[in-house]
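Structure first, commentary second.
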Amino acid sequence: MVDITLPAPIILPIPAMVVMHWMLLSLDFLLLRNEHCIPLTKTQLRTALALCHALVPVIIVSPSITANLFLATLPWFYAAYTASLPLEKYSYREWLESFNYVVLDMPDSAVKIPNHVRLKGIARVGRGVVKLIIMKLCIDRLLPQNDAAILRLSWYCPESVFSTLLLGTKAYCFLGVADIGMGIQQAITDLPLVDLFDSPFLATG
């Protein structure tokens, strides 16, 4: 067994974390847009940026666990999306606007835009709330109080397998926060937004 004590992370307020990640993503845009001027191969540059986005959430955190989860995953997704774009054809504003296209569920021009978009947004908010209630009232009560206890179980014993399934279900239910946020956005903007797990890029990114 290797027992290494890691230094405590740097704790910043959530607004400062958001600004910091936005600055990092803007730096990604500048570096990738001008990668022909950087003495690194395409793979080396993207690997370096991936390592940076992987290390930052470990070194710098906010006081909120929920915020830490989203600030670790969303910037990673946007960074991966940015690296897939032909940025030489995009201005900074066009790059920012392209983020919206990933989550828009717009039909083909020949198909009429679906009705009741706002009502569906409100329904999505309700679905997200139900997920969080199920997580708090059901899933959390079945999990051990000490998460470290799961690590002491044999890999394939029934309790370990059951706990793994519960943790996966908890992660899915926790993403109800995204349903609430996107549902509110859909209800306000009257634009149909894709479900998180209906988009291959979002689901696998």
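In what follows, residues are counted from 1 in the order of the sequence shown. Heavy atoms only: backbone and side chains are in, while hydrogens, waters and symmetry mates are out.
Here the side chains of Ile38 and Asn34 are not in contact, with every heavy-atom distance at 4.5 Å or above. The shortest distance between side-chain heavy atoms of Leu132 and Met135 falls below 4.5 Å. A 4.5 Å side-chain heavy-atom check between Thr189 and Arg118 finds every atom pair outside the cut-off. Using a 4.5 Å heavy-atom threshold, the side chains of Val125 and Met182 count as separate. Taking the side chain as every heavy atom from C-beta outward, Leu167 and Leu143 approach each other to under 4.5 Å. Using a 4.5 Å heavy-atom threshold, the side chains of Leu24 and Cys52 count as touching. At a threshold of 4.5 Å between non-hydrogen side-chain atoms, the residues Thr41 and Gln44 count as touching. Using a 4.5 Å heavy-atom cutoff, the side chains of Val19 and Met23 are in contact.
Annotation: the span from Met17 atom CE to Ser64 atom OG amounts to 10.0 Å, rounded to 0.5 Å. To the nearest 0.5 Å, atom CG of residue Leu96 and atom OH of residue Tyr90 are 12.0 Å apart. If you take CD on Glu159 and CZ on Arg152, they are separated by 10.5 Å, rounding to the nearest 0.5 Å. Remark: Leu137 CG to Leu142 CG distance equals 11.0 Å, nearest 0.5 Å. Note that CG of Leu40 and CZ of Arg46 are 11.0 Å apart. Values are rounded to the nearest 0.5 Å. For the atom pair Leu49 CG and Trp76 CH2, the distance stands at 10.0 Å (nearest 0.5 Å).
Hydrophobic clustering, with ILVMFWY side chains joined whenever heavy atoms are under 4.5 angstrom apart, groups Leu55 together with Ile10. Taken together through direct or relayed side-chain contacts under 4.5 Å among Ile, Leu, Val, Met, Phe, Trp and Tyr, Val177 and Ile14 form parts of separate hydrophobic clusters. Note: the hydrophobic cluster containing Tyr81 does not contain Val18 (ILVMFWY, side chain heavy atoms under 4.5 Å, direct or indirect links). Under the 4.5 Å side-chain contact rule for hydrophobic residues, Trp22 and Val56 do not share a cluster. Note: the hydrophobic cluster containing Tyr92 also contains Leu31 (ILVMFWY, side chain heavy atoms under 4.5 Å, direct or indirect links).
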Candidate pair Leu71 and Met20, rule side-chain contact (heavy atoms from CB on, under 4.5 Å), full reasoning
CA-CA 10 Å; Leu71 290 173; Met20 181 195 68; over 6 Å; no

Would Lys89 and Glu94 satisfy salt bridge (charged side-chain N to carboxylate O under 4.0 Å, His left out), going step by step from the backbone distance to the final call?
CA-CA 9 Å; Lys89 300 179 182 178; Glu94 290 170 337; over 6 Å; no

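Taking all atoms of both residues into account, the shortest heavy-atom contact from Ile139 to Thr169 is CD1-CG2, 3.8 Å. Looking at every heavy atom in both residues, Ile11 comes nearest to Ser62 through CG2-C, 4.2 Å. Val58 approaches Pro9 most closely through the heavy-atom pair O-CB, 3.8 Å. Closest non-hydrogen pair, Ala83 versus Leu32, comes out as CA-CD1, 3.8 Å. Residues Leu25 and Pro75 come closest through the heavy atom pair CD2-O, 3.6 Å. Counting all heavy atoms, side chain and backbone alike, Ile122 lies closest to Ala187 at CG1-CB, 4.2 Å.
Taking the six-membered ring where the residue is Trp, the centroids of Trp95 and Phe29 are separated by under 6.0 Å.
The closest donor-acceptor contact from the side chain of Gln186 to the backbone of Val117 lies under 3.5 Å. With Arg124 contributing its side chain and Leu193 its backbone, the two residues share a donor-acceptor pair below 3.5 Å.
Annotation: cation-pi geometry not satisfied between Lys131 and Phe174 (NZ/CZ under 6.0 angstrom from ring centroid, within 45° of ring axis).
Remark: Phe162 engages no residue in a ring-ring contact (aromatic ring centres under 6.0 Å, His included) (not counting sequence neighbours).
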